[in-house]
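Worksheet: one structure, shown below.
No hydrogens, no waters, no symmetry mates; every other heavy atom, side chains included, goes into these values. It should be emphasised that the depicted structure is a prediction, and the values quoted were computed from it without experimental measurement.
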Amino acid sequence: MGGNDGLIDNKAVGKRMRQIRKTNKLTQEEMAEVLGVNPNAVRAYERGDYGISKEVMAKIRQHFHVSIDYLLFGTGNDWEYLLMQIKSASEEDKMKMLMHLMFYFVKEKERCFPEGAEEEEIIRYIKKIFKDM
């Protein structure tokens with residue numbers, strides 16, 4: 001927000017909206033359909049000609065799983081940005097990421113769990129992670 005007296009930078013919001021649309025391989029017309037607006041509105045949003053309504057922000061959040069903080073200010077949950085990157089990756093790159101993650105958790109298990117951790121303890125920990133998501 002710096003330097004704009006707390007106002008929302010519509011051009012920056014438009015750039016992030018364009019990035020979300022392109023990441024999801026949508027045309028402006030398809031994005032308009034998802035958001036329930038006219039394609040001209042999507043073009044205007046992306047150019048930063050005017051701000052996005054609360055209703056449209058809510059639809060972006062729900063459909064594309066990005067936070068309002070990310071959309072408005074470019075900040076927010078790093079997980080959301082990471083998931084957006086994964087979603088736009090090729091199937092081959094997704095498989096490589098999965099293999100790296102599997103290697104990490106097998107190789108680095110000692111850092112995740114205390115030495116000698118019992119299988120039930122590890123399962124409880126993993127269940128807790130998924131429950132908290």
Side-chain angles (χ1 to χ4, degrees):
M1 288 192 314
N4 63 7
D5 297 325
L7 299 175
I8 294 170
D9 182 347
N10 289 336
K11 290 200 182 300
V13 172
K15 282 179 70 174
R16 286 186 286 278
M17 185 173 168
R18 183 180 310 110
Q19 179 188 10
I20 291 166
R21 177 178 61 78
K22 288 186 174 194
T23 295
N24 287 276
K25 298 175 176 62
L26 296 175
T27 65
Q28 289 178 328
E29 290 74 19
E30 292 166 331
M31 183 72 148
E33 189 174 317
V34 167
L35 301 178
V37 299
N38 185 296
N40 289 329
V42 171
R43 287 187 267 285
Y45 292 147
E46 289 186 359
R47 285 190 310 265
D49 290 348
Y50 58 88
I52 300 172
S53 70
K54 290 185 283 186
E55 292 80 14
V56 171
M57 280 188 265
K59 288 178 182 178
I60 291 171
R61 186 190 81 231
Q62 291 166 348
H63 189 84
F64 300 104
H65 309 288
V66 297
S67 70
I68 299 297
D69 282 349
Y70 170 75
L71 183 61
L72 295 179
F73 309 113
T75 61
N77 190 335
D78 290 337
W79 278 104
E80 291 167 351
Y81 178 74
L82 178 60
L83 290 174
M84 192 168 73
Q85 295 288 42
I86 291 170
K87 187 175 182 180
S88 66
S90 69
E91 292 305 311
E92 181 181 345
D93 285 343
K94 288 176 185 172
M95 188 58 71
K96 287 178 185 176
M97 285 184 247
L98 178 61
M99 297 306 291
H100 282 286
L101 284 170
M102 289 171 56
F103 178 77
Y104 170 80
F105 283 108
V106 169
K107 181 80 173 154
E108 302 292 327
K109 179 180 170 243
E110 302 82 37
R111 293 184 185 171
C112 297
F113 306 104
E115 191 172 329
E118 296 295 321
E119 187 174 332
E120 294 97 28
E121 182 182 357
I122 294 170
I123 291 170
R124 273 195 308 276
Y125 178 76
I126 292 170
K127 283 181 179 179
K128 181 186 179 318
I129 289 172
F130 280 102
K131 182 181 175 192
D132 291 345
M133 290 179 86

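- Of the inter-residue distances, the one linking Glu46 atom CD with Arg21 atom CZ reads 4.0 Å to the nearest 0.5 angstrom.
- Within 6.0 Å of atom CD in Glu33, 12 or fewer heavy atoms from other residues, nucleotides or ligands are found, so the atom counts as exposed in its surroundings.
- Listed for the Asn24 side chain is no donor-acceptor partner under 3.5 Å among the backbone atoms of Leu26.
- With a 4.5 Å cut-off on side-chain heavy atoms, Met17 and Phe64 do not count as touching.
- Here the closest non-hydrogen pair linking Arg47 and Arg18 is N-NH2, 4.2 Å.
- A donor-acceptor distance shorter than 3.5 angstrom exists from the side chain of Arg16 to the backbone of Tyr70, with no hydrogens or angles considered.
- Ionic pairing of Glu91 and Lys94 is present here: one or more N-O contacts between side-chain nitrogen and carboxylate oxygen are shorter than 4.0 angstrom.
- Taking the side chain as every heavy atom from C-beta outward, Arg43 and Glu29 approach each other to under 4.5 Å.
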Enumerate, atom names and distances included, each donor-acceptor pair closer than 3.5 Å involving a side-chain atom of residues 54-62, sequence neighbours excluded.
{"residue": "Glu55", "atom": "OE1", "partner": "Ser53", "partner atom": "OG", "Å": "3.4"}
{"residue": "Lys59", "atom": "NZ", "partner": "Leu35", "partner atom": "O", "Å": "3.1"}

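- Within a 6.0 Å sphere centred on CE of Met95, other residues, nucleotides and ligands contribute 12 heavy atoms or fewer.
- Looking at heavy atoms from C-beta onward, Asn10 lies out of side-chain contact with Asp49 at the 4.5 angstrom threshold.
- In this structure, Glu30 and Thr27 approach most closely via the heavy-atom pair OE1-N, 2.8 Å.
- Side-chain contact check for Ile8 versus Ile52: every heavy-atom pair is 4.5 Å or farther apart.
- With contacts defined as side-chain heavy-atom distances shorter than 4.5 Å, the pair Phe73/Ile68 does not qualify.
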